Amino acid sequence: MTGAPRPPLSVTADVHGDRLTLVLRGDLDRDSAGDFLASATRGLADRPGLRELHLDCTRVGAFDATALSALLMLRRRTAAEGVRLHLDAPPEAVRRLLETTGTLEHLTADPAGPCGDGSAGHP
């Protein structure tokens with residue numbers, strides 16, 4: 001017996017001034033990570049002067065290593081643009097994976113860092 005197919009990831013954008021929120025619904029995994037990254041990158045490119053990018057993760061289902069790789073790539077892109085990345089309400093399994101891999105703090109650090117160089121104060 002097989003389960004019903006899961007719906008594909010959907011990404012909805014909501015803009016308020018210099019803040020872009022991407023609402024994610026569905027699985028962020030090897031099948032959707034590329035499209036997610038392309039969508040987020042377009043959101044950055046289409047909005048010069050953006051200061052914050054929020055990812056509303058409330059309805060994220062599966063999350064795998066490919067998704068983590070996409071988030072790390074997005075973090076590099078947001079940092080290069082001086083945009084602060086926020087992960088809003090990640091499900092417990094996602095939060096646990098990010099904490100276990102030591103990437104949660106890195107992903108959400110201020111791109112300027114307290115030293116002004118993007119290092120987030122880490123040696």
Side-chain angles (χ1 to χ4, degrees):
M1 179 175 187
T2 61
R6 296 176 81 137
L9 181 73
S10 71
V11 180
T12 306
D14 185 26
V15 181
H16 286 76
D18 62 359
R19 173 182 171 161
L20 170 63
T21 300
L22 298 179
V23 180
L24 311 178
R25 290 183 182 90
D27 295 343
L28 184 51
D29 58 15
R30 68 183 176 116
D31 294 329
S32 62
D35 290 340
F36 157 73
L37 185 57
S39 179
T41 300
R42 267 192 314 276
L44 289 171
D46 291 348
R47 293 166 185 86
L50 195 67
R51 305 282 300 150
E52 296 183 33
L53 173 59
H54 288 256
L55 301 179
D56 180 342
C57 300
T58 306
R59 293 188 177 102
V60 169
F63 184 89
D64 65 10
T66 310
L68 177 56
S69 178
L71 285 182
L72 290 168
M73 178 62 74
L74 180 59
R75 167 66 168 112
R76 284 191 286 273
R77 292 176 184 177
T78 57
E81 297 295 323
V83 175
R84 178 94 188 246
L85 179 63
H86 300 267
L87 301 179
D88 298 339
E92 185 57 33
V94 172
R95 178 173 284 284
R96 224 177 7 258
L97 176 66
L98 297 176
E99 288 173 348
T100 300
T101 58
T103 54
L104 180 61
E105 184 178 318
H106 170 71
L107 286 169
T108 58
D110 186 339
C115 301
D117 63 359
S119 68
H122 298 290

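The structure displayed is predicted, hence computed values, not measured ones.
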| said: I need the Leu9 CG to Asp31 CG distance, nearest 0.5 Å. | reply: 10.5 Å

Throw together a table of side-chain donor-acceptor distances under 3.5 angstrom for residues 82-90, partners on residues two or more places apart or in other chains.
from  : atom 1 : to     : atom 2 : distance (Å)
Arg84 : NE     : Thr108 : O      : 3.1
Arg84 : NH2    : Thr108 : O      : 3.0
His86 : NE2    : Glu52  : OE1    : 3.2
Asp88 : OD1    : His54  : ND1    : 3.4
Asp88 : OD2    : His54  : ND1    : 2.8

| said: Using a 3.5 Å distance criterion without hydrogens, assess whether the side chain of Thr78 forms a donor-acceptor pair with backbone atoms of Arg75. | reply: yes

| Mind checking whether Leu107 and Leu55 sit in one hydrophobic cluster, side chains of I, L, V, M, F, W, Y counted as touching below 4.5 Å? | yes

Donor-acceptor pairs under 3.5 Å, side chain of residues 41-50 to any protein atom, not counting sequence neighbours: which ones?
from  : atom 1 : to    : atom 2 : distance (Å)
Thr41 : OG1    : Leu37 : O      : 2.8
Thr41 : OG1    : Arg77 : NH1    : 2.7
Arg47 : NH1    : Gly43 : O      : 3.2

| message | Same cluster or not: Leu104 versus Leu97, using hydrophobic residues (I, L, V, M, F, W, Y) connected whenever any side-chain heavy atoms lie under 4.5 Å apart? | response | yes

Would you list the atom pairs, donor with acceptor, under 3.5 Å between side chains in residues 58-72 and any protein atom, with sequence neighbours excluded?
from  : atom 1 : to    : atom 2 : distance (Å)
Thr58 : OG1    : Asp56 : OD1    : 2.6
Asp64 : OD1    : Thr66 : N      : 3.0
Asp64 : OD1    : Ala67 : N      : 3.0
Asp64 : OD2    : Arg30 : N      : 3.0

| Taking only residues at least two apart or on different chains, which pairs with a member in residues 94-103 satisfy salt bridge (Lys or Arg N to Asp or Glu O under 4.0 Å)? | Glu92-Arg96, Arg95-Glu99

| remark: Sorted by chain and residue number, the salt bridge (charged side-chain N to carboxylate O under 4.0 Å, His left out) partners of Arg76 (sequence neighbours excluded) come out as none

| message | Give me each pair satisfying salt bridge (Lys or Arg N to Asp or Glu O under 4.0 Å) with a member in residues 15-29, each pair once, sequence neighbours excluded. | response | Arg6-Asp27

